[in-house]
Amino acid sequence: MQALMRAIYPPHCIGCRTIVDSEGGLCGPCYRDTPFITGPICTRCGTPLPGEEAAQGDNCDDCTVTARPWTEGRAALMYGGKARSLVLGLKHGDRTELAAPAARWMATAGRDVIERADVIAPIPLHWLRFVRRRQNQSALLAQALAREVDLPAVPDLLFRVRRTPTQEGRSFRERFANLAEAIQVTPRFTDYISGKSVLLVDDVMTSGATFAAATEACRAAGAVDVFVLALARVVKDA
């Protein structure tokens with residue numbers, strides 16, 4: 001029956017709809033155009049580091065000059081090529097089916113920090129933005145990742161205190177100022193995360209300002225460690 005169903009409804013590449021061998025997979029050309037992060041990385045944000053080897057604890061330039069309140073960070077993809085179109089499809093194109101394969105990539109990229117986490121939480125959307133989009137792509141990723149790695153996910157652990165203007169076009173410093181104290185822990189979960197290690201999930205990390213605001217909220221509520229995991233990382237000169 002499964003063979004018959006595959007013959008009638010064969011799996012398609014999530015990048016271009018070409019027929020592929022497995023559900024949620026990429027065809028050869030799309031795979032080559034999807035910049036997976038491999039090799040040495042910055043342990044703070046997951047950015048690829050130059051060279052074939054890097055010492056444990058090496059940081060990228062941004063993380064060297066900018067204090068990161070979280071413990072460690074990872075990302076599965078560089079934000080470019082096919083990765084960019086997949087992220088935008090999930091974020092703005094109602095392509096919710098992308099969450100499951102994206103979560104598998106994130107589970108691989110973040111396996112060492114996932115092992116140290118107790119709970120997974122997404123970066124929240126302000127409710128007005130949620131109404132317009134009808135979904136929070138970060139929550140979709142967090143829930144798919146939780147199923148993949150068998151950890152609890154709390155989609156509403158955090159909430160936006162105020163609606164912040166878009167980050168697009170803002171400088172590095174302006175991005176952090178825009179998000180300052182904009183995210184808090186939902187009061188009923190304050191005791192829940194006290195003493196726990198939290199893994200924060202988002203679709204894209206650019207400056208890290210959103211992750212920083214969410215991390216500070218979790219630490220204020222008593223989280224002992226906060227790890228961050230993004231589907232894609234914006235990389236300079238990538």
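Both backbone and side-chain heavy atoms feed into the values below; hydrogens, waters and symmetry mates do not. Residues take their numbers from the sequence shown, with the count starting at 1.
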Discussion item. To check you understand the geometry: which heavy-atom pair defines the closest contact between Leu158 and Pro122, and what is its length?
Written reply: CD1-O, 4.0 Å

Worksheet item: How far apart are the closest heavy atoms of Leu77 and Ile37, and which atoms are they?
Response: O-CD1, 3.5 Å

Discussion item. Please say yes or no: joined through hydrophobic side-chain contacts below 4.5 Å, possibly via intermediate residues, are Phe159 and Leu140 part of one cluster?
Written reply: no

Worksheet entry | For the student: nearest non-hydrogen atoms of Ala217 and Ile183, plus distance | CB-O, 3.4 Å

Worksheet item: Counting N and O atoms only, with roles assigned by atom type, does the side chain of Arg147 sit under 3.5 Å from a partner on the main chain of Ala103, one being a donor and the other an acceptor?
Response: no

Worksheet, complete the sentence: residues 212-226 vs salt bridge (charged side-chain N to carboxylate O under 4.0 Å, His left out), sequence neighbours excluded, gives none

Worksheet item: Are the side chain of Glu97 and the backbone N or O of Leu90 linked by a donor-acceptor pair below 3.5 Å?
Response: no

Discussion item. Can you confirm whether more than 12 heavy atoms, excluding those of Asp112, are under 6.0 Å from its CG atom?
Written reply: yes

Item to complete: With side chain to side chain contact (heavy atoms under 4.5 Å, CB included) as the test, would you mind laying out the steps for Arg111 and Val149 before giving the verdict?
Response: CA-CA 9 Å; Arg111 59 186 177 276; Val149 302; over 6 Å; no

Discussion item. In the structure I gave you, are the side-chain heavy atoms of Val235 and Tyr79 within less than 4.5 Å of one another anywhere?
Written reply: no

Worksheet item: Does the side chain of Thr96 come within less than 4.5 Å of Gln135's, by heavy atoms?
Response: yes

Practice prompt. Could you point out which residue of Thr215, Asp62, Val226 forms a side-chain contact (heavy atoms from CB on, under 4.5 Å) with Arg68?
Written response: Asp62

Worksheet item: Taking atom CG of Asn136 and atom NZ of Lys91, what is their separation to the nearest 0.5 Å?
Response: 9.5 Å

Discussion item. Please check if the number of heavy atoms outside Tyr31 that lie under 6.0 Å from its OH is greater than 12.
Written reply: no

Discussion item. I'd like to know if the side chain of Trp105 reaches the main chain of Leu231, judged simply by a donor and an acceptor atom lying under 3.5 Å from each other, with no hydrogens or angles considered.
Written reply: no

Worksheet item: Considering only heavy atoms from C-beta outward, does the side chain of Val201 approach that of Met106 to under 4.5 Å?
Response: yes

Worksheet item: Is it true that Val154 and Val161 fall in one hydrophobic cluster, defined by side-chain heavy atoms closer than 4.5 Å?
Response: no

Item to complete: Give the C-alpha distance, both sets of side-chain angles, the deciding distance and a yes or no for side chain to side chain contact (heavy atoms under 4.5 Å, CB included) between Asp58 and Thr43.
Response: CA-CA 7 Å; Asp58 278 1; Thr43 56; over 6 Å; no

Item to complete: Check step by step if side chain to side chain contact (heavy atoms under 4.5 Å, CB included) holds for Val185 and Ile193.
Response: CA-CA 9 Å; Val185 172; Ile193 69 166; 3.9 Å; yes

Worksheet entry | Minimum side-chain heavy-atom gap Leu145-Leu199 below 4.5 Å | yes

Worksheet item: Have Asp156 and Thr186 got a donor and an acceptor in their side chains that come within less than 3.5 Å?
Response: no

Worksheet item: What distance separates Ile123 CD1 from Met205 CE, expressed to the nearest 0.5 Å?
Response: 9.0 Å

Discussion item. Does any part of the side chain of Leu229, heavy atoms only, come nearer than 4.5 Å to the side chain of Leu200, both counted from C-beta?
Written reply: no

Worksheet item: Does Phe189 reach the side chain of Ser194, with side-chain heavy atoms less than 4.5 Å apart?
Response: no

Worksheet item: Given side chains that start at C-beta, do those of Cys30 and Cys13 come closer than 4.5 Å, heavy atoms only?
Response: yes

Discussion item. Given 3.5 Å as the limit, does a donor-acceptor pair link the side chain of Arg74 with the main chain of Val228, or not?
Written reply: no

Worksheet item: Say you draw a straight line from NZ of Lys196 to CG of Asp191; how long is it, rounded to the nearest 0.5 Å?
Response: 9.5 Å

Worksheet item: From Arg188 CZ over to Thr190 OG1, what is the distance, rounded to the nearest 0.5 angstrom?
Response: 10.5 Å

Discussion item. Strictly distance-based, threshold 3.5 Å: is any side-chain N or O of Thr66 a donor or acceptor partner for the main-chain N or O of Cys63?
Written reply: no

Worksheet item: In terms of hydrophobic clustering (I, L, V, M, F, W, Y; side-chain heavy atoms under 4.5 Å; direct or indirect links), are Leu141 and Phe36 co-clustered?
Response: yes

Worksheet item: Which pair of heavy atoms, one from Ala121 and one from Val198, lies closest together, and at what distance?
Response: CB-CG1, 4.4 Å

Worksheet item: With side chains defined as the heavy atoms from C-beta onward, is the minimum distance between Cys16 and Pro29 less than 4.5 Å?
Response: no

Worksheet item: Would you find a donor on one side and an acceptor on the other, under 3.5 Å apart, between the side chain of Arg233 and the backbone of Ala76?
Response: no

Item to complete: Measure across Leu125 and Arg160 and return the closest heavy-atom pair with its distance rounded to 0.1 Å.
Response: C-CG, 3.6 Å

Discussion item. Measuring from atom CD1 of Ile120 to atom CZ of Phe227, what distance do you get when rounded to the nearest 0.5 angstrom?
Written reply: 12.5 Å

Fill in: Smallest separation among heavy atoms of Ala146 and Pro152, with atom names
CB-C, 4.5 Å

Response to the item:
dist Cys42:SG -> Leu49:CG (nearest 0.5 Å) comes out at 6.0 Å

Discussion item. Under a plain distance cut-off of 3.5 Å, with no hydrogens placed, do Arg116 and Ser197 share a side-chain donor-acceptor pair?
Written reply: no

Fill in: Test log, rule side chain to side chain contact (heavy atoms under 4.5 Å, CB included), inputs Lys82 and Leu86
CA-CA 6 Å; Lys82 185 61 67 174; Leu86 292 173; 4.2 Å; yes

